[in-house]
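Structure record follows, encoded as structure tokens.
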Amino acid sequence: MMQLLCLAVMLYHYSSFAQTLGVNPLPSFAERLQEPETNLSLAQALQLAATANPDLVVVLREVEAAAASRIQAGLLRNPELSMEMEDTRSSRRQTTYWLGQPLELGGKRGARVEAAERSREVAEADFQVQLSALRGAVVQRFYEVLAAQERYRLAQSSMDLAQRGLDVAGRRVIAGKVSPVEETRAKVAASSVRIELTQANADLLNARRRLSALWGNPAPHFAQAEGQLEILPFLPALNDLNALLEQAPEVVRAQKETIRRDAMLKSEETKKYPDLILRGGVQRNEAINDNVSVVGLAMALPIFDRNQGNIQAARVRVDQARDEQFATDIRLRRDIAQAHERLSAAILEVNYMRDDILPGAQSAVDATTKGFERGKFDFLDVLDAQRTLFAARGQYIRALGEVQRAVAEVESILGPQGGSLFNATQPQN
């Protein structure tokens, strides 16, 4: 029963925090682990990761622990029961029974509750940071799968071209038009392309595994990722990205950590005030067979220990948190600027490859292949044209992948709000 209760609490928190990813959590534990066996969309990948990522569950446990600590911080101190006995002889024994209640002075309980509440907020901010990083990882790995699929299809096309050249070379050798060396070159080229096809297949399998691992599945079930790698995002201005930085999960987390450290300092400062113990009880005097009521007060004298060491340490940690907040802001601005620069360069490269290089390389392959079939070119010319086209397409796919990696990095820094700036435009023909 306790396990079911914990699971219900976990799913409740998932319902709140998964909204940050822009997806709705699945309603049951069994459904959370389902993965489509056909095509997988980016939205489905985000859904699976948001509800079944193992690292996310670990961070969620800390949120639950911080909430429990908040409950503990608000509890009153337990009363104390004690007994004092004077003279062990039963006829002259005097026994006192005390019931005492510690009273916290100096606002200790309120400061303790405030510090625990701030710790809970930091734990939730850590969860938001993890969610944002997870979203960036899902987007990046999803597009890595799309790129790997394109490279595999490219290798298959190259294999078809190499096999076509091998067939043509074989026919021309039989017809006595070329030397058998041409056929040998064609066989070597086909073998090289076959190796590239095998490597492209292995890269695709590894990319699929890396993606499915984000929802705790080492063996992916989906057949292929479904998406358009060639849709380029809108390039926002760097100033627009920096304007959202104050709401970035890591920045918010750093701010909350500073507030938490300040609350802990205040809590330590209250501990310099001693607590008061109010006591009352009954004293039994066996010699005169009489009971009397007694009252008392107890308080530690803050002569040596005024919690000065812990107070000084808390002050230093407040300064440390402010320094970390400043360092986080500088680091994120640097990372955003670098990602923006990579994105800009990658978009320019994609457009240049798509508009100029790829059409020219494809035209060269078509012309040399037809010329070879008519005896106007050697097979070496065809092979060089094919390799040029293959390399150009591979570079084009790598540039597309770099675009998506840069976008994913910005979104992991800024959270889902950063994704709203990248309004997609249709690929140019």
Side-chain angles (χ1 to χ4, degrees), residues 1-10 12-13 60-124 256-257 259-318 321:
M1 180 63 69
M2 181 59 67
Q3 293 178 346
L4 291 176
L5 179 60
C6 292
L7 178 59
V9 173
M10 184 178 71
Y12 171 77
H13 283 294
L60 178 62
R61 295 301 185 189
E62 184 60 31
V63 176
E64 296 173 352
S69 297
R70 164 62 180 83
I71 295 174
Q72 182 64 35
L75 300 178
L76 296 174
R77 291 183 58 180
N78 292 324
E80 300 175 353
L81 179 64
S82 63
M83 182 187 72
E84 297 178 2
M85 182 181 295
E86 299 178 11
D87 200 334
T88 59
R89 291 173 294 180
S90 60
S91 60
R92 304 183 62 180
R93 183 182 304 159
Q94 183 171 291
T95 306
T96 305
Y97 300 93
W98 293 101
L99 180 63
Q101 177 61 52
L103 302 176
E104 294 181 299
L105 303 180
K108 290 187 182 69
R109 180 167 170 265
R112 187 172 62 247
V113 169
E114 178 70 14
E117 179 64 22
R118 301 290 81 80
S119 295
R120 183 187 64 80
E121 291 179 355
V122 169
E124 291 182 354
K256 290 184 179 296
E257 178 63 18
I259 296 174
R260 182 184 78 90
R261 298 277 182 91
D262 190 63
M264 293 180 67
L265 171 60
K266 293 177 181 178
S267 178
E268 293 294 339
E269 288 175 339
T270 62
K271 294 179 183 178
K272 65 184 178 182
Y273 302 105
D275 293 337
L276 178 68
I277 301 178
L278 178 63
R279 299 193 300 178
V282 176
Q283 187 179 75
R284 171 69 179 173
N285 193 327
E286 297 293 345
I288 60 176
N289 193 25
D290 188 26
N291 296 328
V292 295
S293 299
V294 292
V295 295
L297 293 174
M299 176 182 289
L301 298 178
I303 298 176
F304 305 109
D305 182 5
R306 297 185 300 278
N307 204 40
Q308 55 266 43
N310 290 333
I311 292 174
Q312 181 60 29
R315 285 199 182 101
V316 172
R317 291 193 175 97
V318 170

Requested in this report: Take atom CZ of Arg93 as the centre, draw a 6.0 Å sphere, and report whether it contains more than 12 heavy atoms from other residues, nucleotides or ligands.
Outcome: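 Result for CZ/Arg93: enclosed.
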[atom1]/[X] to [atom2]/[Y] distance, rounded to the nearest 0.5 angstrom?
{"X": "Ile259", "Y": "Ser119", "atom1": "CD1", "atom2": "OG", "result": "12.0 Å"}
{"X": "Asn310", "Y": "Lys272", "atom1": "CG", "atom2": "NZ", "result": "13.0 Å"}
{"X": "Gln283", "Y": "Trp98", "atom1": "CD", "atom2": "CH2", "result": "8.0 Å"}
{"X": "Gln312", "Y": "Leu265", "atom1": "CD", "atom2": "CG", "result": "9.5 Å"}
{"X": "Glu268", "Y": "Arg315", "atom1": "CD", "atom2": "CZ", "result": "11.0 Å"}

Please identify each residue that fulfils side chain to side chain contact (heavy atoms under 4.5 Å, CB included) with [X], with sequence neighbours left out.
{"X": "Glu104", "result": "Arg77, Lys108, Arg109, Arg112, Asp275"}
{"X": "Ser69", "result": "none"}
{"X": "Ile303", "result": "Leu301"}
{"X": "Leu276", "result": "Leu103, Leu105, Leu297, Met299"}

Only pairs under 3.5 Å count here: list side-chain donor-acceptor contacts from residues 284-293, not counting sequence neighbours, and write none if there are none.
{"unit_1": "Arg284", "atom_1": "NE", "unit_2": "Glu286", "atom_2": "OE2", "d": "3.4"}
{"unit_1": "Arg284", "atom_1": "NH1", "unit_2": "Asn289", "atom_2": "OD1", "d": "3.2"}
{"unit_1": "Arg284", "atom_1": "NH1", "unit_2": "Asn291", "atom_2": "OD1", "d": "3.3"}
{"unit_1": "Arg284", "atom_1": "NH2", "unit_2": "Asn289", "atom_2": "OD1", "d": "2.2"}
{"unit_1": "Asn285", "atom_1": "OD1", "unit_2": "Ala287", "atom_2": "N", "d": "3.0"}
{"unit_1": "Asn285", "atom_1": "ND2", "unit_2": "Gln94", "atom_2": "OE1", "d": "3.2"}

Query raised in the report: Do Val282 and Val294 come within less than 4.5 Å of each other through their side chains, counting heavy atoms only?
Result: no
Requested in this report: State, with a plain yes or no, whether a side-chain heavy atom of Leu60 is found less than 4.5 Å away from one of Glu64.
Outcome: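 SC-SC contact between Leu60 and Glu64 confirmed.
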If every non-hydrogen atom of [X] is compared with every non-hydrogen atom of [Y], which pair is closest and at what distance?
{"X": "Thr270", "Y": "Ala111", "value": "CG2-CB, 3.9 Å"}
{"X": "Ala73", "Y": "Val113", "value": "O-CG2, 3.5 Å"}
{"X": "Ala115", "Y": "Arg260", "value": "O-CG, 4.4 Å"}

Query - Glu269 and Lys266 ion-paired at < 4.0 Å - result: no
**Report entry** Qualifying residues under side chain to side chain donor-acceptor pair (under 3.5 Å), relative to Arg120, sequence neighbours excluded
**Finding:**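 Arg120 satisfies side chain to side chain donor-acceptor pair (under 3.5 Å) with Glu117, Glu124 only.
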**Report entry** Under 3.5 Å: donor-acceptor pair, side chain of Arg261, backbone of Arg317
**Finding:** yes
